[in-house]
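Within every chain, numbering begins at 1; the chains are lettered A, B, ... in the order of the sequence lines, protein sequences first and strands thereafter.
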Number of protein chains: 2
Amino acid sequence: MEVKLPTFDSVFSIDCVIFGFEAGELKILLIERNEEPFKDWLALPGYIVEQDESIDDAAERILYELTGLRDLHMQQFHTFGEVNRHPQGRVITVAYYALIRINGQKDLRPVTQFARKAFWHPVNELPKLAFDHSEIFNTGFNKIRRRLNYQPIAFELLPEKFTLTQLQSLYEAILNKKLDKRNFRKKMLSFGFLKELDEKQKGVSYRAAKLYKFDKRKYAKIFHNDMSIDK
Amino acid sequence: MEVKLPTFDSVFSIDCVIFGFEAGELKILLIERNEEPFKDWLALPGYIVEQDESIDDAAERILYELTGLRDLHMQQFHTFGEVNRHPQGRVITVAYYALIRINGQKDLRPVTQFARKAFWHPVNELPKLAFDHSEIFNTGFNKIRRRLNYQPIAFELLPEKFTLTQLQSLYEAILNKKLDKRNFRKKMLSFGFLKELDEKQKGVSYRAAKLYKFDKRKYAKIFHNDMSIDK
DNA sequence: TTTAATGGTGTAATTTTCACACACTATCTT
DNA sequence: AAGATAGTGTGTGAAAATTACACCATTAAA
């Protein structure tokens, strides 16, 4: 059974790679497509940009429509423009990423019929995705890995109050390697933008860890410049 | 006198920020436009992507048509998608950069009528450019400044054989600060990818400096991995 | 009270970064 | 040929950052 699809001329689209961290695992947000092409496939949340919206606005709108998530701070990271990346015609897509705390309460509700559902999936063992979305994901993952070194992106993935162990295991998940506990703590604390709280973890069946907060104001003061190389 | 211009729907374009280094100064390639809008203005080389070419291919073609330069290694660095960035309609542009040696011999010849001429202009004291090209330039300049720290891009700007002083002054031009000569040399040589030649500079009226080459193969061996943070 | 699980801590060796100044060489000028 | 000019080339010590490494402390559950 052949499905006849419309084709189109130049179209812009947006695709989103949204990272979350839950249960010690790094995850991304996927949707199950409800439309041809690639009906029933898993894909990154993505759709077509309208005439009268900037691409940044489009990214926010599209993510919301497909997943119900709003007000993330998304950043563009690459544009994919191979001729045949979309079977229906010429579609150039601008890829965005964001990092957010996964919030168990809020569930993910697509607003359009275009996605059947949206859900978190561990970044390890990702299935094959629609279009060139696997490649888009990989490019995005490499970007945030690099960016982790000079931007405070990890804190967007953790709850407001977190333990140093949680922070470390997030770094380990992103960088995909083990870090030394003592050195990690020493270094993180030396930056001076972590605020130690008077609270402790609750509900654990072992010694409770201290909680910390990321202090944006201190961070901004410390790093008005970048951390460049030489002198 | 009002000029009536066609408008268009979604269009992709490419704009190129091409860096060169000459006479101790960092320069970029500009064109003088010969078409409305912004006729007679200075602009980055840029034009519209065809239906049947990838954006990477388009970047090469467009740069060639507007400046006569070919076979550069261009890399995309950002996509600009504000709604009103182009007065004639919706144009989303993917910006590319490249770094090349300025070669006095070859002159710059636009192949299309769209550019009246193409020429090198120092990055300091840039005039106001057409469209949002000043912003595109700034974004690109910041990108290469950062990339200088982890990619061997400086060597693309120098002649094949160069002195350490030339290399240092290029770094200084990009980073816009003075570096210490002894520390710079020590560090550069410590990387191990500079090959010292038996030749010396010629035609200077002072002690001639040793010439060096960038050794791609050694570079590749040394940096198969990235230079990440911690352990 | 024991066990299981994780929290929390310090030091020494090594490497990297940084600040800093002067003698050398080639050419040009007089 | 002597001196001026202009850029080349080199080393060290202090300070800071990075790395490797192991054990006791605390809590809750069994």
- Sequence neighbours excluded, every pair satisfying salt bridge (Lys or Arg N to Asp or Glu O under 4.0 Å) that has a member inside residues 149-176 of chain A: A/E160-A/K213, A/K161-A/E199, A/E172-A/K178
- Message: Any non-hydrogen side-chain atom of A/P127 less than 4.5 Å from a side-chain atom of A/H121?
- Response: yes
Nucleotide N/O of nucleotides 12-15 of chain D paired with protein N/O under 3.5 Å:
{"from": "D/dT12", "atom 1": "O4", "to": "B/K186", "atom 2": "NZ", "distance (Å)": "3.1"}

- Can you check whether B/F193 and B/F214 have ring centres sitting under 6.0 Å from each other? yes
If you compare every side-chain N and O of [X] against the phosphate oxygens of [N] (OP1, OP2), does one of them come in below 4.0 Å?
X	N	value
A/K181	C/dG8	no
B/R182	D/dG11	no
A/T165	C/dG7	yes

- Query: For DNA chain C, which residues in residues 201-211 of chain B have a heavy atom at a distance below 4.0 Å?
  - Reply: B/V204, B/S205, B/Y206, B/R207
- Can you tell me which residue pairs pass the side chain to side chain donor-acceptor pair (under 3.5 Å) test with a partner in residues 201-211 of chain A, sequence neighbours excluded? A/E196-A/K210
Applying side-chain hydrogen bond (donor to acceptor under 3.5 Å, both in side chains), name anything that partners [X], two or more places apart in sequence or on another chain.
X	answer
A/K218	none
B/R101	none
A/R217	none
B/N138	none

Report the distance from atom [atom1] of [X] to atom [atom2] of [N], rounded to the nearest whole Å.
X	N	atom1	atom2	answer
B/K200	C/dT27	NZ	C1'	14 Å
A/Q168	C/dG8	CD	P	12 Å
A/M188	D/dT19	CE	C1'	16 Å
A/K178	D/dT19	NZ	P	18 Å
A/D180	D/dC23	CG	P	15 Å

- Message: Please enumerate all residues that pass salt bridge (Lys or Arg N to Asp or Glu O under 4.0 Å) together with A/R61, with sequence neighbours excluded.
- Response: A/E53, A/E65
